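Here the structure is laid out as structure tokens; the discussion comes afterwards.
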Amino acid sequence: MDKVISLTENYEFRRVYAKGKSAVRPAVVVYALRRPGKDVRVGITATKKIGSAVERNRARRLLRESVRTLWPRLRFGYDFVLVSRGKTPHVKCGTVLSEMTDAMRALSVLREEVER
RNA sequence: CGAGUAAGCCGGACAGCCGCGGGUGUACGCCGAAAGGCCGCAUCUGAGGAAAGUCCGAGCUCCACAGGGCAGGAAUAACGGCUAACGGCCGCCGGGGGCGACCCCAGGGAAAGUGCACAGAAAUAUACCGCUGCCGUUUGGCAGUAAGGGUGGAAUGGUGCGGUAAGAGCGCACCGGCGCAAGGGAGACUUUGCGGCCAGGUAAACCCUAUUCGGAGCAACACCGUGGAGGGACAUACGCGUCGGCCCGGCGCGUCCCGUGGAGGUGGCUUGAGCCGCGCGGCAACGCGCGGUCGAGAAAGAUGGUUGUCCAAGACAGAACUCGGCUUAUAGGCUUAGUCGCGGC
RNA sequence: GUGGAUAUAGCUUAGUUGGUUAAAGCGCCAGUUUGUGGCACUGGAGACCGUCGGUUCGAAUCCGACUUUCCACC
């Protein structure tokens, strides 16, 4: 269980939006929903509000890179949805990573925080 | 040296580590009846000049379609060539702009017809003022006249001389336009000569002429297809449900085959009117020959992160079936060839 | 991928087809009325018609390119 599974279908995103908890930071919004099983699944979105195709790609890549760094610390059995915001493509990767870590801590889905 | 013109090119570079998509090869292990797949490793490879807008033209696929004409609709518009084709490109002609290199032009037809237009007397048919003649003589009436005034973007070809009552291509010279003939050119066209003055603009107004045009789009389309609707065969031996109080009997549940196809999957999917080099033909677009080469192919959708060095400190911007163009966005830089100005030898 | 519509005063719309003057309502400003305000009445300002270019004597209108917003179909 060491590979990120993507959320694909629209109903999965809707379920996380409707029933999950959220944390908002200037460059990222994190939704998290507990579900049965040990898989961790992640969905990344960038709407047309973000900008052109280049800017949307940039936002997605930053979020994906951040979640790759953060991956070993996540608790099992959660669905995550990461939403990019208008600032996301114009920000450095370290900023996204720290904001995402902060949001995850606020949702108490990081493994080390629970074990402590 | 400065200014400007045209054509072409580049679109941060290099290295280390971590990570991602695809192709090929493959050990152990795991899954699977098998084919094969997963994980791992090695190796090769991985966005653009516009990938964009979707404005044109094609390939490809499916649908429709006996042949011909008219009407209607859309697009294009000098001429010659290039191209698979084009509304594209090249050359050239005509017109316009620039001192020049050079640039720009939807550039057929207004003597087929209709419509339109402030002002102005009048816009293709006309006399308001004026000028001249005659009549009347008080204002005036009739006729001639486009030289002048005024209006307008445009006023009966322009300028000058003659001519005339005053005028007028009425006559002449030059210029402009039109027609005819001859010479040149592949042609648009051009040069020369002659003729006579007949002909306002607008067709990106209707229209006329010539040419071209069937429709839809990779979410096309083809194949597989648990479930579901349909048809057939077998078994109707057993069991269950149903019609019924019960029996016989009928129907459904079962197996196999045919066929339709929702979800899903696979193909279409990248080797092509390809790219690079050399030679030849052509003013050029381009063509021909020879040699070399393979440069993305995903399916929630791959190029990112970080560290270091360098410089001019990195603009516009991300493939989604594929090509040929057009249009639009674009920091900065490089190369080549002309032009103009200034200075020096 | 394909097709269509939209842009006009601060706001909501006419005018566009068929060329020469941009009209209306609400709002805004000033005045009249009223003890004051509203209502009512009178008057006024406010637009170079999304941007750029072209055709024409003349363009909101015709033509081309671009931009914005919205819609439909597969």
Side-chain angles (χ1 to χ4, degrees):
Chain A
M1 214 47 56
D2 52 1
K3 188 80 177 170
V4 177
I5 300 172
S6 291
L7 293 178
T8 58
E9 295 299 321
N10 190 30
Y11 69 88
E12 297 175 324
F13 279 85
R14 290 172 156 282
R15 189 174 58 205
V16 177
Y17 288 145
K19 300 185 178 177
K21 296 178 291 183
S22 67
V24 182
R25 293 295 178 273
V28 66
V29 183
V30 178
Y31 287 85
L33 176 65
R34 183 160 180 84
R35 57 183 295 276
K38 294 194 69 179
D39 292 342
V40 173
R41 306 193 303 176
V42 175
I44 293 173
T45 71
T47 63
K48 272 191 179 175
K49 254 192 270 182
I50 306 299
S52 65
V54 172
E55 290 168 314
R56 295 199 300 272
N57 274 340
R58 173 76 187 162
R60 275 203 301 270
R61 284 163 185 162
L62 289 176
L63 293 183
R64 189 160 48 219
E65 181 63 25
S66 299
V67 87
R68 186 177 74 86
T69 312
L70 214 53
W71 167 253
R73 298 168 60 191
L74 291 177
R75 291 180 68 187
F76 297 142
Y78 274 91
D79 279 352
F80 293 100
V81 172
L82 310 174
V83 182
S84 42
R85 309 188 71 193
K87 281 183 62 177
T88 310
H90 310 293
V91 142
K92 294 207 77 173
C93 187
T95 314
V96 178
L97 179 59
S98 63
E99 286 186 7
M100 191 183 294
T101 310
D102 192 38
M104 294 290 193
R105 189 173 292 129
L107 295 172
S108 66
V109 292
L110 293 182
R111 225 182 295 170
E112 54 198 4
E113 311 293 331
V114 175
E115 288 165 354
R116 188 175 297 162

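Order of the sequence lines fixes the chain letters, A, B, ..., with proteins taken first and strands second; residue numbering starts at 1 for each chain. Everything numeric here is computed off the predicted structure, so don't read it as measured data. Worth knowing before you read on, the calculation uses all heavy atoms, side chains too, and leaves out hydrogens, waters and symmetry mates.
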Are any protein N/O atoms closer than 3.5 Å to N/O atoms in nucleotides 305-309 of chain B? If there are, list each pair with its distance.
residue: G305(B); atom: OP1; partner: R58(A); partner atom: NH1; Å: 2.3
residue: G305(B); atom: OP1; partner: R58(A); partner atom: NH2; Å: 2.7

Pair assignment for [N], Watson-Crick or G-U wobble, requiring both distances under 3.5 Å:
| N | result |
| --- | --- |
| U271(B) | none |
| C326(B) | G53(B) |
| G264(B) | C224(B) |
| A13(B) | U309(B) |
| G217(B) | C60(B) |
| G87(B) | none |
| C290(B) | G277(B) |
| U242(B) | G250(B) |

Whole angstroms only, please: what is the [atom1]-[atom2] distance between [X] and [N]?
| X | N | atom1 | atom2 | answer |
| --- | --- | --- | --- | --- |
| M100(A) | G304(B) | CE | P | 18 Å |
| N57(A) | G301(B) | CG | P | 11 Å |
| E55(A) | G318(B) | CD | P | 9 Å |
| R41(A) | A300(B) | CZ | P | 14 Å |
| L97(A) | C18(B) | CG | C1' | 14 Å |

Could you write out RNA chain C as a dot-bracket string, with dots for unpaired bases, | for bases paired across to another strand, and Watson-Crick or G-U pairs counted at under 3.5 Å? (((((.(..((((.........)))).(((((.......))))).....(((((.......)))))).))))).
G179(B) and G148(B), which share atom name P, separated by this distance in whole Å: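 Looking at atom P only, G148(B) and G179(B) are 29 Å apart.
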Please give the distance between the P atoms of C129(B) and G115(B) as a whole number of Å.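 31 Å, rounded to whole Å.
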Using 0.5 Å steps for rounding, measure from the [atom1] atom of [X] to the [atom2] atom of [Y].
| X | Y | atom1 | atom2 | result |
| --- | --- | --- | --- | --- |
| L62(A) | T95(A) | CG | OG1 | 9.5 Å |
| R64(A) | C93(A) | CZ | SG | 12.0 Å |
| T101(A) | R25(A) | OG1 | CZ | 10.5 Å |
| T45(A) | L82(A) | OG1 | CG | 8.0 Å |
| R73(A) | M104(A) | CZ | CE | 10.0 Å |
| I50(A) | K87(A) | CD1 | NZ | 12.5 Å |

Return the set of residues passing ring-ring contact (aromatic ring centres under 6.0 Å, His included) with Y31(A) (not counting sequence neighbours), or none when no residue passes.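 ring-ring contact (aromatic ring centres under 6.0 Å, His included) check on Y31(A) returns Y17(A).
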Taking syn as within 90° of 0 and anti otherwise, name the glycosidic form of [N].
| N | result |
| --- | --- |
| G49(B) | syn |
| G252(B) | anti |
| G32(B) | anti |
| U303(B) | anti |
| A47(B) | syn |

Nearest heavy atom decides the nucleotide; on that basis, is T45(A) or R61(A) closer to the 5' end of RNA chain B?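 Between the two, 5'-proximity favours T45(A).
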Using the closest heavy atom to pick a nucleotide of RNA chain B for each, name whichever of S52(A) or I44(A) lands nearer the 5' end.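 Counting from the 5' end, the first nearest nucleotide belongs to I44(A).
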If you look at every heavy atom in A46(A) and R56(A), which pair is closest and at what distance?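 Nearest heavy atoms, A46(A) then R56(A): O-CD, 3.7 Å.
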Any side-chain N or O of R64(A) below 4.0 angstrom from OP1/OP2 of U303(B)?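 For U303(B), OP1/OP2 do have a side-chain N/O of R64(A) under 4.0 Å.
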Taking the basic N atoms (NZ, or NE/NH1/NH2) and the acidic carboxylate oxygens, is any pair closer than 4.0 Å for R68(A) and E65(A)?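 Salt bridge present between R68(A) and E65(A).
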Are V54(A) and L63(A) connected in the hydrophobic side-chain network, where two residues link if heavy atoms are under 4.5 Å apart?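 No, V54(A) does not connect to L63(A) through the hydrophobic network.
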